[in-house]
Amino acid sequence: MSLLKFRFIDPAICKYFLTVNSVIFKSKIPAMKPLTVTGIRTLIFCLSFPLIFNCISCNGDRSSGKSGQISPVLSGSSSKPDIDDEPNPVYSILILPKAPVPGEPFRVIVTGGKNIGEAAIIVEGPADKPEALKSKNGDQLPYWRIDDFPGCAAGKYKVTLSVDSKEVSQLDFEISAVQNSSSAKVVWKTLRWWNSSAEAIYSAWINALFQGCDENSSWKTLNEVTQNPERNFLFNYLSLGEDDPDGKNKVIMRPDCADNPFYLRAYFSWKLGLPFGFHLCDRGYLGRNPGTGLWITNETFTSKTHPVLAFNNFLRRVADGVHSGTARTALDNGNSDYYPVPLKRKVLLPGTVYADPYGHTLILVGWVQQTRDRPGLLLSVDAQPDGTVGIKRFWKGNFLFNTEEVVGEPGFKAFRPIIEKKGVSQLMSNNELTEDAGYIPFSLQQRKMESDVFYHTMERLINPEPLDPETALLDLLQALHEQLLVRVTSVANGEAYFVSHPGAVIPMPSRAAGIFQAGGQWEDFSTPNRDLRLLIAMDAVLDFPEHILRFPEDFNISKLTSPQQISKKLQAILAEKSSELPISYTRTDGSVMKLSVAEILSRREAFEMAYNPNDGIEIRWGAPENSEERSSCRRHAPAFQMETMRSVRTWFSKRLHPPT
């Protein structure tokens, strides 16, 4: 039986445990704030029941004392944040794998504060204390650490986490040759509930999956990432060989952008026995946000007897049910799978989802700190229709934001936690999602936010110190170059299709919304969404010298010069440096065409009509008519498709996406 001990009683804790008194995950509650009258009454009420809180068993723990649990934490041991934007640490412990057997190496993952790397992780059992063989840290929110231990003999063990010589968390687990099996007729049985400890481990897992990656990082499928034991600390956590690349029964994940967050959340929930669900949503329309319908959860019946096959089958159902409208429900819809969060650095943790106004979805994976020599970065991962996943940085070229004339409400959002209420799984309400309760708080800050305000707010979070203007421009130029390199591959994929299907014509939707949203071959090989983002990215680079004039306070400008002088200097730097950055593509005749970013910027209007895969590759890279570059082109889109494209062009020229 796990015991939860308190050194003092916080009214927030009392409220939490009175509401959810049977969850396994006991989360660290932020340090006490000055008590209001209501808070004093609550404290008196809680103090009148000292026996209740002296020894609380985990009533909801269906495997109490077993490995694979996240530990309870000790109240009163959270440290004060170093800066205002640092939350109180959440101290949690998880043993990997779920049920280690005698002689099998095991791992201990912990979460906490900035000093987690200096914490003491002590494992005690029947024999001498085993020593960690190696350790790996996550150096950003949520701070985490993984220690690898050698295999031990069978018996009962205890792991203790101490910070600054003070015990902050502990967990009992068992190493046993006896393995429990489940005969549940559901996809997976809920063994525990979401709380701040579970959320901290989830965020740490997302961060660890993509630690050290940059915008050059991509994978053919999501399961290629989870099949890497160096990245995935839940690799084969269930000891079913579920993540073995060559395994007979392995997890297969090939999501598109809308599915990607749900696949990751489902995978993590399945491994740890946490509840998971998604709503069948309609797509909404201009004037009405997408609405939520039937809620499908992990407790759904399955005919599959093997856990991995049952999970894979469930993921297909997720893919069929989730779409671009799922992430864009009304911000205040208390029944939605996501809820909106404030734009604060301590809130935008790995695992936070970004839903753009036109249906694209990304997941935050980590921050790169700003330095004197380099701007900061906020990195995310997204998935494409062909199943590939890749790293994207936050900037206008990747994260579109607009709240006018769009379907649904976009922005940064978090998964709504599922907790137990009256013995059943329920979504937390907006009012329950507060920082005092240990969760990322619900916020309507992004509702009707102007685009310029949104981007400026995010830029100040990513780069809290004034930027060197030249360094900032070169960073933007590099981001544009990386975006163009990704487009090279995308367009080449379309060319490869026509090489193997000579004479084919890919059908094109007849409406603007369809051109941006349709599936099938059009979605696989056309680039309207990518090219709209590319045009916005080009504008951001070309506008940067003028941006300095509008926001001089954001930049480190010497008192000996003026913003106008800096702007003029940046124009010259842009012309020089953009001429030095190349991309190359293979023309129809097999020759290689090299273009500089400066040349591509000069022909950006052509990219308003360059997304149709039925056009030859020269046209898709904006080769001028009657030019030598275009002379090798042998393929043109049909006349009726060109007519549709001309009618849709206004969306590209205005840099807007039709409502979808």
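What you see below is based on every heavy atom in this structure, not just the backbone, and it leaves out hydrogens, waters and symmetry mates.
The minimum heavy-atom distance between Pro126 and Tyr157, with the atom names listed, is CD-CZ, 3.4 Å. Considering all non-hydrogen atoms of both residues, Cys152 and Ile175 come closest at CB-CD1, 3.8 Å. For Pro350 against Leu141, the heavy-atom pair with the smallest separation is CD-O, 3.3 Å. Across Arg374 and Val368, no two heavy atoms sit closer than the pair NH2-CG1, 3.4 Å. Heavy atoms only, all atoms of each residue included: Thr111 and Ala204 are closest at CG2-CB, 4.2 Å. Taking both residues in full, the closest heavy atoms of Cys213 and Ile391 are given as CB-CG1, 3.8 Å, listed atom of the first, atom of the second, then distance.
Comment: Glu199 does not engage Arg416 in a salt bridge, judged by the lack of any side-chain N to carboxylate O separation of less than 4.0 angstrom. For Lys421 and Glu432, the salt-bridge test passes: some basic side-chain N is under 4.0 Å from an acidic carboxylate O. Between Arg107 and Asp148 there is a salt bridge, since a side-chain N of the basic residue sits under 4.0 Å from a carboxylate O of the acidic one. A salt bridge does not link Glu420 with Arg192: every distance from a Lys NZ or Arg NE/NH1/NH2 to an Asp or Glu carboxylate oxygen is 4.0 Å or more. Checked for salt-bridge contact, Arg393 and Glu215 meet the test: a charged N lies under 4.0 Å from a carboxylate O.
Contact check for Asp244 versus Lys250: no side-chain heavy atoms found under the 4.5 Å cut-off. Between Ser135 and Asn137, some side-chain heavy-atom pair lies under the 4.5 Å cut-off. Residues Leu362 and Val353 form no side-chain contact, since every pair of their non-hydrogen atoms from C-beta on lies 4.5 Å or further apart. Side-chain contact between Phe442 and Pro340 is present, with heavy atoms from C-beta onward closer than 4.5 Å. For the pair Ile296/Leu280, a side-chain contact is recorded, criterion being any heavy-atom separation below 4.5 Å from C-beta on. The closest side-chain heavy-atom distance from Val347 to Pro342 is below 4.5 Å. Looking only at side-chain heavy atoms (C-beta outward), Thr226 and Phe235 stay at 4.5 Å or farther from each other. The shortest side-chain heavy-atom distance between Leu240 and Asn249 does not fall under the 4.5 Å cut-off.
Separating the OG1 atom in Thr297 from the NE2 atom in His279 is a distance of 10.5 Å, to the nearest 0.5 Å. To the nearest 0.5 Å, atom CD1 of residue Ile206 and atom CZ of residue Phe210 are 6.5 Å apart. The CD1 atom of Ile122 sits 5.5 Å away from atom NZ of Lys129, with the distance rounded to the nearest 0.5 Å. Phe311 CZ to Lys271 NZ: the interatomic distance, rounded to the nearest 0.5 Å, is 8.5 Å. Atom OG of Ser92 is separated from atom CD1 of Ile201 by 5.0 Å, given to the nearest 0.5 angstrom. Atom CG of Asp373 sits about 5.0 Å away from atom OG1 of Thr371, to the nearest 0.5 Å.
When atom types are taken as modelled, the side chain of Asp243 and the backbone of Gln227 share no donor-acceptor pair closer than 3.5 angstrom. Checked by atom type and distance alone, the side chain of Gln140 pairs as donor or acceptor with a backbone atom of Trp367 at under 3.5 Å. Distance alone, capped at 3.5 Å, places no donor-acceptor pair between the Lys185 side chain and the Thr302 backbone. For Glu242 (side chain) and Tyr237 (main-chain N/O), a donor-acceptor pair under 3.5 Å exists by modelled atom type. Side-chain atoms of Thr434 come within 3.5 Å of backbone atoms of Ala437 as a donor-acceptor pair (strictly under, hydrogens ignored). Of the possible polar contacts, one joining the Ser269 side chain to the Arg265 backbone as a donor-acceptor pair under 3.5 Å is found. Counting only distance, with no hydrogens or angles, the side chain of Glu224 and the backbone of Lys220 share a donor-acceptor pair below 3.5 Å. Of the possible donor and acceptor atoms, none in the side chain of Glu118 sits under 3.5 Å from a partner among the backbone N and O of Asn115. Under a 3.5 Å cut-off, the side chain of Ser203 and the backbone N or O of Ala200 do not form any donor-acceptor pair. For Arg145 (side chain) and Ala119 (main-chain N/O), a donor-acceptor pair under 3.5 Å exists by modelled atom type.
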For a side-chain contact (heavy atoms from CB on, under 4.5 Å) check, start with the C-alpha distance between Phe149 and Asp147, then their side-chain angles and the critical distance, and finish with the verdict.
CA-CA 7 Å; Phe149 288 86; Asp147 279 13; 3.6 Å; yes

Could you walk me through whether Leu348 and Met458 pass the side-chain contact (heavy atoms from CB on, under 4.5 Å) test, one step at a time?
CA-CA 10 Å; Leu348 300 177; Met458 290 303 302; 3.7 Å; yes

For the pair Val108 and Val110, evaluate side-chain contact (heavy atoms from CB on, under 4.5 Å) and give the outcome as yes or no after the intermediate values.
CA-CA 7 Å; Val108 178; Val110 297; 4.0 Å; yes

Apply side-chain contact (heavy atoms from CB on, under 4.5 Å) to the pair Gln426 and Ile418, showing each step before the final yes or no.
CA-CA 5 Å; Gln426 288 192 21; Ile418 302 173; over 6 Å; no

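Aromatic pair Tyr339/Phe415: ring centres not closer than 6.0 Å. The ring of Phe276 has its center no closer than 6.0 angstrom to the ring center of Phe268.
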Solution key, residues 375-390 side-chain donor-acceptor pairs under 3.5 Å, sequence neighbours excluded:
from	atom 1	to	atom 2	distance (Å)
Ser380	OG	Lys392	O	2.9
Asp382	OD1	Lys392	NZ	3.0
Asp382	OD2	His360	NE2	2.8
Asp382	OD2	Gln384	NE2	3.2
Asp386	OD1	Thr388	N	3.1
Asp386	OD1	Thr388	OG1	2.8

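Between the side chains of Tyr267 and Asn232, at least one donor N or O lies within less than 3.5 Å of an accepting N or O. There is a side-chain donor-acceptor pair under 3.5 Å between Asn223 and Thr221. Remark: the Thr190 side chain and the Asn298 side chain contain an N/O donor-acceptor pair separated by less than 3.5 Å.
Evaluated for a side chain to side chain contact (heavy atoms under 4.5 Å, CB included) with Tyr263, the options Val251, Leu315, Val322, Asp256 yield exactly one hit, Leu315.
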